[in-house]
J.: 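One structure coming up, written as structure tokens, with questions to follow.
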Amino acid sequence: DYPPAWDNELDEEGNKMYLFTSIDDCCAFFTQHGVPRDLCGEVDVCSPDCCTYTKENGLPFAQCEGGCTTTTTTTTTTTTTTTTTTTTTNNEPECEMASLYYHPPATMDPYCTNSNDYPPAWDNELDEEGNKMYLFTSIDDCCAFFTQHGVPRDLCGEVDVCSPDCCTYTKENGLPFAQCEGGCTTTTTTTT
């Protein structure tokens, strides 16, 4: 399951840019772009361990051959509400610094953010025109990066870490919200 446009995305040598013949070649692509090798997850959809691995690592498991089953058992006796507040101390200059560039996350999930959480190597990754390859001056330019690689523009999420709506937007869209300035509050209800 990948964007059909990837079939036609070729590098300067005529090889497919985002489709690889081995897991090592695929992970080497990320390593060349500043992602440490140990952060490259490996999912073999034909493996009998696919469902277990993807569930344990929070990855989409619908891709596993034969599908995966989810079993939910609920027994209600009491209700406990736990409130966890995550606060990061971001002063204004750090937020201003974060707003210098919009970029995809290192996982290349289809959203753009102006957080300062990106691989340092991206500061030096340049395209053939000398522009920063993964760092953009606007969210539209960042989302255009995904559009060029087959992701429809309306599927590109936009996370402005300085926005007062950052926590709400990231939670509603299942995105990492620890990047929001000032942190976010999470309320978890556990029924046992």
Side-chain angles (χ1 to χ4, degrees), residues 1-9 17-20 26-27 29-43 45 53-63 84 86-88 90 92 94-127 131-188:
D1 186 29
Y2 60 87
W6 286 7
D7 285 322
N8 301 316
E9 291 282 334
M17 284 183 76
Y18 305 110
L19 301 175
F20 307 94
C26 182
C27 287
F29 170 83
F30 288 102
T31 304
Q32 292 168 358
H33 293 92
V35 177
R37 175 62 173 93
D38 62 328
L39 293 181
C40 181
E42 301 176 14
V43 178
V45 297
Y53 178 82
T54 54
K55 287 178 184 177
E56 287 175 355
N57 290 282
L59 301 171
F61 55 87
Q63 62 189 330
T84 305
T86 304
T87 305
T88 56
N90 287 352
E92 280 302 309
E94 187 173 349
C95 187
E96 288 174 21
M97 186 175 102
S99 67
L100 290 177
Y101 296 109
Y102 285 90
H103 58 86
T107 60
M108 290 297 172
D109 290 328
Y111 73 90
C112 292
T113 178
N114 62 340
S115 76
N116 57 10
D117 183 23
Y118 62 86
W122 286 5
D123 286 318
N124 302 314
E125 291 277 333
L126 303 177
D127 63 18
N131 299 314
K132 292 186 184 284
M133 191 174 278
Y134 303 108
L135 303 176
F136 306 92
T137 57
S138 75
I139 205 147
D140 287 328
D141 289 344
C142 181
C143 284
F145 167 82
F146 286 109
T147 303
Q148 292 168 356
H149 294 92
V151 177
R153 173 62 174 91
D154 62 330
L155 293 182
C156 178
E158 303 177 5
V159 178
D160 179 352
V161 298
C162 302
S163 167
D165 298 327
C166 182
C167 291
T168 303
Y169 179 82
T170 54
K171 287 178 188 177
E172 288 174 353
N173 291 282
L175 301 173
F177 55 85
Q179 62 189 322
C180 296
E181 181 183 27
C184 301
T185 301
T186 304
T187 302
T188 305

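Just so we're clear, the structure is a prediction, and the values are computed from it rather than from any experiment.
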J.: Taking the SG atom of each, are Cys156 and Cys112 under 2.5 Å apart?
T.: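 Unbridged: Cys156 and Cys112.
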J.: Under the side chain to side chain contact (heavy atoms under 4.5 Å, CB included) rule, collect the residues that match up with Asp154, sequence neighbours excluded.
T.: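 In terms of side chain to side chain contact (heavy atoms under 4.5 Å, CB included), with neighbours along the sequence ignored, Asp154 is linked to Pro152.
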J.: Establish, yes or no, whether a centroid distance under 6.0 Å links the rings of Tyr134 and Tyr118.
T.: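 No: the rings miss the under 6.0 Å criterion.
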J.: Please check: side-chain N/O of Asp165 versus main-chain N/O of Tyr169, any donor-acceptor pairing under 3.5 Å?
T.: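 No.
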J.: List the atom of Pro104, the atom of Trp122, and the distance in Å for their closest heavy-atom pair.
T.: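 That would be O-CZ3, 3.2 Å.
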J.: Measure the OG1-CG distance between Thr137 and Asp140 for me, rounded to the nearest 0.5 Å.
T.: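 Here the interatomic distance stands at 10.0 Å.
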J.: With side chains defined as the heavy atoms from C-beta onward, is the minimum distance between Asp160 and Cys166 less than 4.5 Å?
T.: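 Counting from C-beta outward, Asp160 and Cys166 never come under 4.5 Å.
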J.: Hey, what do you get for CG (Asp141) to CG (Leu135), rounding to the nearest 0.5 Å?
T.: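 CG of Leu135 is found 12.0 Å from CG of Asp141.
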J.: Working to the nearest 0.5 angstrom, can you tell me the gap between Glu172 CD and Cys167 SG?
T.: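 Reported to 0.5 Å precision, the distance equals 11.0 Å.
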J.: What's the shortest heavy-atom distance between His103 and Ser115, and which atoms?
T.: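 Shortest heavy-atom separation between His103 and Ser115 comes out as NE2-O, 2.7 Å.
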J.: For Asn114 and Val161, which heavy atoms make the closest approach, and how far apart are they?
T.: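 In terms of heavy atoms, the two residues are closest at OD1-N, 2.7 Å.
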J.: Is it the case that the side chain of Tyr101 and the backbone of Asp123 share a donor-acceptor pair, with hydrogens and angles ignored and the cut-off at 3.5 Å?
T.: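 No, Tyr101 side chain to Asp123 backbone: no donor-acceptor pair under 3.5 Å.
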J.: Just grab all the salt bridge (charged side-chain N to carboxylate O under 4.0 Å, His left out) pairs involving residues 101-116, residues at least two apart or on different chains.
T.: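 Passing the test, one end in residues 101-116: no pairs.
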J.: Nearest 0.5 Å, please: how far is CD in Glu158 from OG1 in Thr113?
T.: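 Atom-to-atom, Thr113:OG1 and Glu158:CD are 11.0 Å apart.
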